[in-house]
Amino acid sequence: MPNIVIVGGGFAALQTIKMVRKLDQDIAITMITADTGVEYSKPNLSHAFSQEQTPETLAIHSAKQLAEQYNVVIKTKALVSEIDTKQQCVHVDGQIIHYSKLVLATGATPFIPPAKGLKRSATITLNSLEEFEKHKVQVDDAQRVTVIGGGLIGVELAFDLQTAGKDVTIIEPASYLLNSLVPPFVSLELERELKKVGVTVETDSAVCRATYLTDDVRLQTTASRLIRTDVVIAAAGLRPNTQLATQAGIDVNKGIVVDETMRTSAENVYAIGDCAEIEGRVMAYLQPAILSANVLAKQISIDKDKLMAGEGKFSLPHIITKVKTPSYPIQLAGRDIQTAQSWETRFDPKGIIAKGFNEDDQLVGFIVTGEHTKAAFPLLKELQASSPA
Ligand SMILES: Cc1cc2nc3c(=O)[nH]c(=O)nc-3n(C[C@H](O)[C@H](O)[C@H](O)COP(=O)(O)OP(=O)(O)OC[C@H]3O[C@@H](n4cnc5c(N)ncnc54)[C@H](O)[C@@H]3O)c2cc1C
């Protein structure tokens, strides 16, 4: 009997289940997850401290509710340790479960940059509801917080924690915050805003040594500063969880390599979400996971010969990325925004409108900040017209 097995219980896994159920009410689905299987919105972790959220208020549905609602078998606190692609089965806590289609939705693990003396076990990461639950009291009790990493998540967490009344320092090795997303003229405005609310921003700097004392942690930085802090949070990027795939001989590059139908190099094995690499990119955002789940559901629950031409193939439109820093919001879009050769920018007291162009003067992306974020949708339409997916 056909049985879809999904490894993982995060957004990508649940989105896959929801999409499959739209197409097929009956096909057997088993979801195996190492965590509690609680549905929650991970982006809400970015403002959980200032809004005094708890694991209970963040939870949307329990695993039991999901199992009933979607007619799925859900195994929680169950770690898949091995995939056998020849026998088409997975090993989980001494049990073997066979699949006709296997979906890897194993997410990613936060990277903790190495530094002399820095204890991984004492460094907080906030990439799941469980991590939030585990560290909430410690962060609530802390006054001084150091965030390692000035990318999207680091900036959002720093803003949130400062709003929650803490003294926050961000340490970023690059010269600018959000350096992989926006050009320096936007970063500098954001940095100014963060400083205005009280965040200490240290760019061109990294932690090189950590010393743990009874009443604080001392961080020595490469910029020769000594930071005294109560807690250290790492927001320095994610590494896709590819170990299961590697062990099974499935192609892995930065993530588990999939084609435009979400198929891996192994027959009947698919990957989705933060663990997957599509068109050479790992896209650790919700929108690509929604689009991928749409494609994947068709692939695994509709007969191939019933698919229309082009249906069931992934193509990434321009999507808007939002930086959730409430007093200085930023929105940007453009698949190829990093290739912008020139910028047409307008700075005014309301914020920035910046349009990026390639060498052929074609619009390839835009960034809007502050009150100008209202202009994001009209600009998205302009971008879609100029450079369609
Ligand atoms: C603070 C924060 C804010 C964010 N804000 C935004 C935002 O505003 N917009 C946006 O688009 N994106 C945002 N993101 C990113 C987005 O939330 C993620 O891309 C998305 O949630 C990833 O979902 P996933 O299912 O791929 O991975 P995960 O949620 O990491 O789920 C992975 C699952 O796999 C399970 N698992 C792993 N290995 C095994 C195994 N061997 N056996 C069994 N189970 C296993 C885990 O237990 C987990 O259930 C944010 C992320 C963070 C951390």
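On a predicted model such as this, the values are computed, not experimentally measured, just so you know. Counting convention: from 1, in listed order, for ligands and their atoms alike.
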Which atom pair, heavy atoms only, marks the closest approach of [X] to [Y]?
X      : Y      : result
Glu193 : Tyr328 : CG-CB, 3.2 Å
Ile250 : Ala266 : CG1-CB, 3.7 Å
His47  : Asp160 : CA-OD1, 3.0 Å

Which atoms of ligand 1 sit under 4.0 Å from any heavy atom of [X]?
X      : result
Ala78  : 42 (N), 43 (C)
Leu79  : 40 (C), 41 (N), 42 (N)
Leu244 : 41 (N)
Gly10  : 25 (O), 29 (O), 31 (O), 33 (C), 49 (O)
Gly9   : 33 (C), 34 (O), 48 (C), 49 (O)
Ala105 : 32 (C), 33 (C), 34 (O)
Phe11  : 21 (O), 23 (O), 25 (O)
Val7   : 40 (C), 42 (N), 43 (C)

So which protein heavy atom does [atom] come closest to, and at what separation?
atom                    : answer
atom 27 (O) of ligand 1 : Gly107 CA, 3.4 Å
atom 39 (C) of ligand 1 : Thr106 CG2, 4.0 Å
atom 3 (C) of ligand 1  : Ser46 OG, 3.2 Å
atom 53 (C) of ligand 1 : Asn127 OD1, 3.4 Å
atom 25 (O) of ligand 1 : Ala12 N, 2.9 Å
atom 13 (C) of ligand 1 : Pro43 CG, 3.9 Å
atom 35 (C) of ligand 1 : Gly8 CA, 3.6 Å

Within the structure, does [X] bring an N/O atom to less than 3.5 angstrom of an N/O atom in ligand 1?
X      : result
Ala284 : yes
Val80  : yes
Thr33  : yes

For the residue pair Asn358 / Gln362, report whether a side-chain donor-acceptor contact shorter than 3.5 Å exists.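 On atom types as modelled, these side chains qualify, holding a pair under 3.5 Å.
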Under a 4.0 Å heavy-atom limit, does Leu157 contact ligand 1 with its side chain, its backbone, both, or neither?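 Under 4.0 Å from ligand 1, Leu157 contributes no heavy atoms.
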Please work out, at 4.0 Å between heavy atoms, whether the side chain, the backbone, both, or neither of Lys322 comes within that distance of ligand 1.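 Neither; no heavy atom under 4.0 Å.
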Single hit among Asn253, Asp251, Thr264 for side chain to side chain contact (heavy atoms under 4.5 Å, CB included) with Glu277: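 Only one of Asn253, Asp251, Thr264 forms a side chain to side chain contact (heavy atoms under 4.5 Å, CB included) with Glu277, namely Asn253.
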Can you tell me which residue among Ile337, Ile367, Val186, Leu332 is in a side chain to side chain contact (heavy atoms under 4.5 Å, CB included) with Leu181?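 Single side chain to side chain contact (heavy atoms under 4.5 Å, CB included) partner of Leu181 among Ile337, Ile367, Val186, Leu332: Leu332.
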Is NZ or CZ of Lys119 both nearer than 6.0 Å to the six-membered ring centre of Tyr212 and within 45° of the ring axis?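 Yes - Lys119 lies over the ring of Tyr212, closer than 6.0 Å to its centre and within 45° of its axis.
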May I ask you to check if Arg239 and Phe111 form a cation-pi contact, with NZ or CZ under 6.0 angstrom from the six-membered ring centre and within 45° of the axis?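 Judged by the rule, Arg239 and Phe111 form a cation-pi pair.
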Mark yes or no for whether [X], through its side chain, and [Y], through its backbone, hold a donor-acceptor pair below 3.5 Å.
X      : Y      : value
Gln51  : Gln53  : no
Ser205 : Glu202 : no
Asp348 : Lys350 : yes
Thr242 : Ile256 : no
Asp230 : Gln143 : yes

Just going by heavy-atom distances, which of [options] is nearest to [atom]?
atom                    : options                       : result
atom 5 (N) of ligand 1  : Gln15, Lys42, Lys324          : Lys324
atom 50 (C) of ligand 1 : Ile83, Asp35, Thr16, Ile153   : Ile153
atom 26 (O) of ligand 1 : Ile319, Asn241, Asp274        : Asp274
atom 11 (O) of ligand 1 : Leu286, Leu126, Leu14, Val323 : Leu286
atom 43 (C) of ligand 1 : Pro288, Ala34, Pro240         : Ala34

Worked verdict on Gln299 versus Arg263 for side-chain contact (heavy atoms from CB on, under 4.5 Å): CA-CA 9 Å; Gln299 290 295 329; Arg263 208 173 46 182; over 6 Å; no
To the nearest 0.5 angstrom, please state how far the CD1 atom of Ile6 sits from the CG atom of Leu14.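 Rounded to the nearest 0.5 Å, the CD1-CG separation comes out at 8.5 Å.
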Roughly how far, to the nearest 0.5 Å, is CD1 of Ile148 from CD1 of Ile124?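 One finds 11.0 Å between CD1 of Ile124 and CD1 of Ile148.
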Min heavy-atom dist Ser81 to ligand 1 below 4.0 Å: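 Judged by the 4.0 Å heavy-atom criterion, Ser81 does not count as contacting ligand 1.
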Would you check whether Ala289 reaches within less than 4.0 Å of ligand 1, judged by its heavy atoms?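 No, Ala289 has no heavy atom closer than 4.0 Å to ligand 1.
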